[in-house]
Engineer: 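Here it is: the structure, laid out below.
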There are 2 protein chains.
Amino acid sequence: MQTPQDGTGHPAPADATAALGTRDRILATTARLLQHQGYEGTGIKQIAREAKATLGSVYHFFPGGKQELAMEALQHGDREFAELLRTVLATVEDPADAVLAAVDAFADALRASGWTDGCPVTTTALETTGTSPEIQEVCAAAFRSWQDAVHDKLRTAGIPEPDARELAVTVINTLGGAEITAQVFRDDAPLRIAGRHLARLIRTYR
Amino acid sequence: MQTPQDGTGHPAPADATAALGTRDRILATTARLLQHQGYEGTGIKQIAREAKATLGSVYHFFPGGKQELAMEALQHGDREFAELLRTVLATVEDPADAVLAAVDAFADALRASGWTDGCPVTTTALETTGTSPEIQEVCAAAFRSWQDAVHDKLRTAGIPEPDARELAVTVINTLGGAEITAQVFRDDAPLRIAGRHLARLIRTYR
DNA sequence: AGCCGAGTAGAGCGTTCGTTCCAGAGCTGT
DNA sequence: ACAGCTCTGGAACGAACGCTCTACTCGGCT
């Protein structure tokens with residue numbers, strides 16, 4: 001069910017998602033499209049087309065329709081981002097330097113993507129506040145998991161409560177805000193500046 | 001043209017926009033809907049309905065269609081927000097305290113609106129990056145004008161370049177990010193924390 | 001061999017989308 | 001009185017929307 005065999009057996013050409021099972025291909029494509037175009041701007045038929053699946057398959061795997069599909073895709077993107085965040089934070093011992101490294105890494109990634117691969121959930125989160133509490137809750141959980149990643153790093157580095165918790169909140173907020181600004185300006189300077197300011201702020205807590 | 005007379009002459013009851021001319025009513029309604037539902041989630045017919053105008057009127061005043069309407073509405077929201085920001089910043093002399101006061105004011109407003117009145121352009125900006133460069137440019141100009149408001153305050157308070165410029169960028173980034181988080185969590189704590197952290201950061205520059 | 005469930009394929013439902021078009025209302029200038 | 005204008009009102013268009021439905025293929029089971 002989670003990794004069904006490929007019915008036709010054709011051996012996966014071209015892009016990164018092609019090697020996955022149909023369900024995972026739909027999920028990855030949905031996550032990407034939601035990130036770029038938001039919930040309302042992304043159609044089920046477009047998802048099916050780009051995932052090289054058919055409408056029947058989409059509704060077979062996600063009988064809850066667009067909303068269920070979006071929720072699972074957002075969780076998919078959440079987990080991927082959280083893992084990346086934890087990995088990068090672990091490469092540097094000092095917490096301020098680690099946050100700086102993480103922000104710089106995201107700046108690199110954003111630039112490399114042509115200023116399109118920002119936060120995987122913000123776009124959808126903003127569109128659906130007030131419209132769909134279920135989706136909003138998934139987005140809230142995503143933010144929480146990223147805050148937790150930063151929080152764990154700060155705690156391990158010896159920063160006490162409640163400073164560690166509050167700093168974690170601000171780090172994620174500022175990272176998110178800077179990523180939006182960087183996307184809109186097509187310039188990574190806002191992210192670089194944010195990294196330096198966050199490092200400076202963290203260093204005032206020891 | 002900017003304030004056309006009301007054809008029917010009926011004397012405008014009920015809500016805040018009703019006293020405006022048709023064009024301004026359409027603009028204000030569009031700005032509000034874009035803020036809450038984004039570009040793709042907002043329909044022209046919904047705008048006409050809620051602005052108590054007709055489709056004919058909408059296309060009469062905005063022959064460029066949805067895109068022109070959105071661009072002008074975003075500029076409308078931009079100017080309103082920039083003015084508010086400058087006003088609040090002017091009420092307190094110390095720049096750190098002024099930013100704290102501004103963030104708190106936005107936290108109050110967000111709470112009072114039932115967690116819906118966040119940043120007037122972010123939602124649309126994110127949806128349209130990569131889709132519509134024109135709209136993206138309007139959003140970039142909006143961010144720039146808010147940065148300028150903060151920048152002027154910091155400069156007046158004696159903070160030198162390039163610190164003032166960079167701080168202004170981070171203040172707007174963090175404010176935006178915190179507003180999103182606050183919306184998603186339906187809790188103003190992220191904003192309050194952001195205000196304190198920004199004030200603390202600014203105080204390290206003197 | 002016969003069957004069954006998983007997955008594929010896409011026509012078609014009702015609705016809404018952005019947009020176009022035109023007839024008419026109400027005002028102003030002559 | 002009458003033209004000329006701005007602005008209103010809404011029917012109608014083709015395309016796209018989310019979703020349902022049925023027919024089909026195919027591998028693994030007894």
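Throughout, a chain's letter reflects where its sequence line sits, starting with A, and its residues are numbered from 1.
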Engineer: Rounded to whole angstroms, how far apart are CD on B:Q67 and P on C:dC17?
Structural biologist: 19 Å

Engineer: What's the CZ-C1' distance between B:F61 and D:dG9, to the nearest Å?
Structural biologist: 13 Å

Engineer: Figure out the CD1/C1' separation between B:I26 and C:dG18, and round it to whole Å.
Structural biologist: 15 Å

Engineer: Starting from C1' on C:dT19, measure out to OH on B:Y59 and report it in whole angstrom.
Structural biologist: 5 Å

Engineer: On DNA chain C, compare the nucleotides closest to B:G64 and A:S57; which residue's is nearer the 5' end?
Structural biologist: A:S57

Engineer: Provide the full list of salt bridge (Lys or Arg N to Asp or Glu O under 4.0 Å) pairs with a residue in residues 179-193 of chain B, sequence neighbours left out, each pair given once.
Structural biologist: B:D104-B:R192, B:D108-B:R192, B:R111-B:D188, B:D188-B:R192

Engineer: By the ring-ring contact (aromatic ring centres under 6.0 Å, His included) test, which pairs, at least two apart or in different chains, include something from residues 99-134 of chain B?
Structural biologist: B:F81-B:F106

Engineer: What residue among A:R165, A:R86, A:K153 forms side-chain hydrogen bond (donor to acceptor under 3.5 Å, both in side chains) with A:D148?
Structural biologist: A:R165

Engineer: Among residues 37-45 of chain A, which contact DNA chain D at a heavy-atom distance under 4.0 Å?
Structural biologist: A:T42, A:G43, A:I44, A:K45

Engineer: In whole angstrom, give the distance that lies between atom CZ of A:R25 and atom C1' of C:dG7.
Structural biologist: 12 Å

Engineer: Just so I know, are the side chains of A:L100 and A:R196 near enough to count as touching, which here means a heavy-atom distance under 4.5 Å?
Structural biologist: yes

Engineer: Between the side chains of B:T174 and A:N173, does any donor sit under 3.5 Å from an acceptor?
Structural biologist: no

Engineer: Given D:dC7, is OP1 or OP2 found less than 4.0 Å from the side-chain N or O atoms of B:T54?
Structural biologist: no

Engineer: Take the protein atom CD of A:Q46 and the nucleotide atom C1' of D:dC19, then report the distance between them rounded to whole Å.
Structural biologist: 17 Å

Engineer: Could you check A:H60 against A:L55 and say which one's nearest nucleotide on DNA chain C is further toward the 5' end?
Structural biologist: A:H60

Engineer: Rounded to whole Å, please give me the gap between CZ in A:F62 and P in D:dG18.
Structural biologist: 15 Å

Engineer: Using heavy atoms and a sub-4.0 Å distance, could you list which residues of residues 127-137 of chain A are near DNA chain C? By number, please.
Structural biologist: none

Engineer: Measure the distance from NZ on B:K66 to C1' on D:dA16 and round it to the nearest whole Å.
Structural biologist: 13 Å

Engineer: May I ask you to say whether B:E72 pairs ionically with B:R23, meaning some side-chain N is under 4.0 Å from a carboxylate O?
Structural biologist: yes

Engineer: Restricting to pairs with a member in residues 115-142 of chain B, which pass salt bridge (Lys or Arg N to Asp or Glu O under 4.0 Å), not counting sequence neighbours?
Structural biologist: B:E137-B:R144

Engineer: Reckon A:G65 touches a base, only the sugar-phosphate, or nothing at all at heavy-atom distances under 4.0 Å?
Structural biologist: sugar-phosphate

Engineer: So, using salt bridge (Lys or Arg N to Asp or Glu O under 4.0 Å) as the criterion, who are the partners of B:R49 when residues are at least two apart?
Structural biologist: none

Engineer: Before giving the answer on side-chain contact (heavy atoms from CB on, under 4.5 Å), spell out for A:V150 and A:L167 the whole-Å C-alpha distance, their side-chain angles and the decisive distance to 0.1 Å.
Structural biologist: CA-CA 8 Å; A:V150 176; A:L167 276 172; over 6 Å; no

